[in-house]
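Model, not experiment: these values are computed from the prediction. Here is how names work: the chains are called A, B, and so on, in the same order as the sequence lines, proteins then strands, and each is numbered from 1.
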Amino acid sequence: QVKLQQSGAELVKPGASVKLSCKTSGYTFSTSYMSWFKQIPGQSIEWIGMIYAGDGGTGYNQKFKGKATLTVDTSSSTAYMDLSSLTTEDSAVYFCARPKGGYEDVMDAWGQGASVTVSS
Amino acid sequence: DIQMTQSPASLSASLGETVSIECLASEGISNDLAWYQQKSGKSPQLLIYAASRLQDGVPSRFSGSGSGTRYSLKISGMQPEDEADYFCQQSYKYPPTFGSGTKLEIK
C-alpha cells in the first residue's frame, strides 16, 4: 500500500536550517507530485508548495518563497524540504502528502508529520 | 488567496446524532472542495473530494454537498470514532487554502 514515512522530530536553533525527508513506497514516485504542508498544533493547515518528481519542477505558496525549498531523489523515492533562516514562527508540524490521481491539489495519502521546534 | 470560513469552531454531538459542518468560500470555487478528518496527533485523512464524492474506504455516513461558495459536510449518525477535527480545503485556485477547522466531540 501507499506509504509516506517522514523523518523525525527536530529541535533547531534560531537562524539555522533543517532538512525534512519523506520516503515513499507503494506507488510510482517518479511520475507523481508531492505537496508539503505546515500546521501549528491547534491551528489550521497551510500549503507550502509542491514538486513534480518527474522533472523537479516546483510551485510555492508566495508566503513560503525563500523559506522552503523542495527537492526530490527519484533513486530513493524520497522528497525533501529545506527550511532556512528558522525563527520561532517556523515551529510547527510539517506534513508531506501525495495528491489523489486526477486531483493534484486533493491529498489522499499523508506522512505522519515531522515536528520542528525552533528554540535557543 | 481564497478565504475559507468554517463553522462552527466546535461542536458536541450525542452518539447517533446527525451533525453538519459548513464552509463558506470568499468566491465561487466550482465544487473544488475537499473535507479532511484529523484525529488527535495524527495526519489528516481525506473524506470527501469534489464537494460530494466519497473517498474509497470512508463510511457512507459521511456526505458532502454544496455549490458556488457554500459547502457542507454531514455525518449521519455520530460514532465514537468520529471524534476529531474536520477541515475543508479549496483546490480551485492556488494556493490551496483550508478552513479554520471544526472540533467535533462526543456529548
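Side-chain atoms of B:P44 and A:F95, non-hydrogen and from C-beta on, do get closer than 4.5 Å to each other. Residues B:F98 and A:E46 are not in side-chain contact: their nearest non-hydrogen atoms beyond the backbone lie 4.5 Å or more apart.
Here CG of A:D108 is found 9.0 Å from CG of B:D56. Values are rounded to the nearest 0.5 Å. The CD1 atom of A:I45 sits 9.0 Å away from the CG atom of B:D85 when rounded to the nearest 0.5 Å.
Cluster annotation: A:L70 is not connected to A:Y33 through the hydrophobic network of ILVMFWY side chains, with a link wherever side-chain heavy atoms come within less than 4.5 Å. Using a 4.5 Å cut-off between side-chain heavy atoms of Ile, Leu, Val, Met, Phe, Trp and Tyr, with links allowed through other members, A:L20 and A:L86 fall into the same hydrophobic cluster. Follow the hydrophobic side-chain contacts under 4.5 Å out from B:I21 and you never reach B:L24; the two are in separate clusters. Under the 4.5 Å side-chain heavy-atom criterion for ILVMFWY residues, a single connected hydrophobic cluster contains both B:M78 and B:V58. One hydrophobic cluster, built from ILVMFWY side chains closer than 4.5 Å, holds both A:V72 and A:M81.
In this structure, the side chain of B:Q89 engages the main chain of A:D105 through a donor-acceptor pair within 3.5 Å.
With a 4.5 angstrom heavy-atom cutoff, A:Q43 touches chain B only via backbone atoms. Contacts of A:F37 with chain B are made by side-chain atoms alone, with heavy-atom separations under 4.5 Å and no backbone atom involved. When heavy atoms are compared at a cutoff of 4.5 Å, B:Q38 approaches chain A solely by way of its side chain, counted from C-beta outward.
The minimum heavy-atom distance linking B:G99 with A:S44 is given by the pair O-OG, 2.5 Å.
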Which is it for B:Q55 and A:K100 under the side-chain hydrogen bond (donor to acceptor under 3.5 Å, both in side chains) test, yes or no, and what are the steps along the way?
-> CA-CA 10 Å; B:Q55 172 67 358; A:K100 181 176 176 65; 2.9 Å; yes
Let me see the working for A:Y103 and B:S91 under side chain to side chain contact (heavy atoms under 4.5 Å, CB included), right down to the final yes or no.
-> CA-CA 9 Å; A:Y103 296 84; B:S91 55; over 6 Å; no
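In this pair, A:W110 and B:Y36 present their aromatic rings perpendicular. The plane angle is above 60°, beyond the 30 to 60° band.
You'll find the ring centres of A:W47 and B:Y94 inside the 6.0 Å limit.
With a 6.0 Å radius and a threshold of 12 heavy atoms from other residues, nucleotides or ligands, B:R61 has its CZ atom above the threshold. Enclosure of atom NZ in A:K23 by more than 12 non-hydrogen atoms of other residues, nucleotides or ligands within 6.0 angstrom is indicated. Under a cut-off of 6.0 angstrom, the local environment of CD in B:E81 is crowded, with over 12 non-hydrogen atoms contributed by other residues, nucleotides or ligands.
Among B:A50, B:P96, B:S43, B:G101, the residue making the largest number of heavy-atom pairs under 4.5 Å with chain A is B:P96.
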